[in-house]
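Below you'll find the structure, written out as structure tokens, and then a few comments.
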Amino acid sequence: MSTTRLTPRGGTIFWGAVLLLIAIVAGMTALLGSWSWTSAVWLVIAFGGLMVLAAVVGAIARALTPAQRDAD
């Protein structure tokens, strides 16, 4: 019996990231009482950096995970 590695679904990741970003904006607006476009730009930049960091960590984890082979 062989096991295959599932690939991530890009659409699910994208829309999850969009919803998370909207939730952060709503939370910051509720916390601070107002919202400025400068804050929005910095939030998008920070979020993009976080996504890049997550991709690097995922790539390292995938590279360090040994490949599974069939026992047959």
Side-chain angles (χ1 to χ4, degrees):
M1 180 161 123
S2 70
T3 56
T4 58
R5 178 178 276 172
L6 297 174
T7 59
R9 296 178 182 249
T12 305
I13 294 170
F14 172 77
W15 287 112
V18 167
L19 290 175
L20 180 61
L21 193 58
I22 290 171
I24 291 171
V25 168
M28 293 298 290
T29 302
L31 183 66
L32 299 176
S34 66
W35 185 254
S36 70
W37 285 107
T38 305
S39 299
V41 169
W42 281 111
L43 180 64
V44 169
I45 290 170
F47 194 72
L50 182 65
M51 295 296 281
V52 169
L53 180 65
V56 168
V57 168
I60 291 171
R62 183 175 288 241
L64 294 178
T65 303
Q68 295 180 354
R69 295 187 182 173
D70 259 343
D72 296 333

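Note that these values count all heavy atoms, side chains included, but never hydrogens, waters or copies made by symmetry. For reference, positions follow the sequence shown, starting with 1. Keep in mind that what you see is a predicted model, and the values were worked out from it rather than measured.
Not counting sequence neighbours, the partners of Leu64 by the side chain to side chain contact (heavy atoms under 4.5 Å, CB included) test are Ile60. The side chain to side chain contact (heavy atoms under 4.5 Å, CB included) check on Ala17 picks up Phe47, Met51, with sequence neighbours excluded.
Taking Ile, Leu, Val, Met, Phe, Trp and Tyr as members and joining any whose side-chain heavy atoms lie under 4.5 Å apart, directly or through other members, the hydrophobic cluster of Ile45 also contains Val41, Trp42. Apart from Trp15 itself, the hydrophobic cluster it occupies contains Phe14, Val18, Ile22, where clustering links Ile, Leu, Val, Met, Phe, Trp and Tyr at side-chain heavy-atom distances under 4.5 Å.
No path of Ile, Leu, Val, Met, Phe, Trp and Tyr side chains, each step under 4.5 Å between heavy atoms, connects Val44 with Leu50, placing them in separate hydrophobic clusters.
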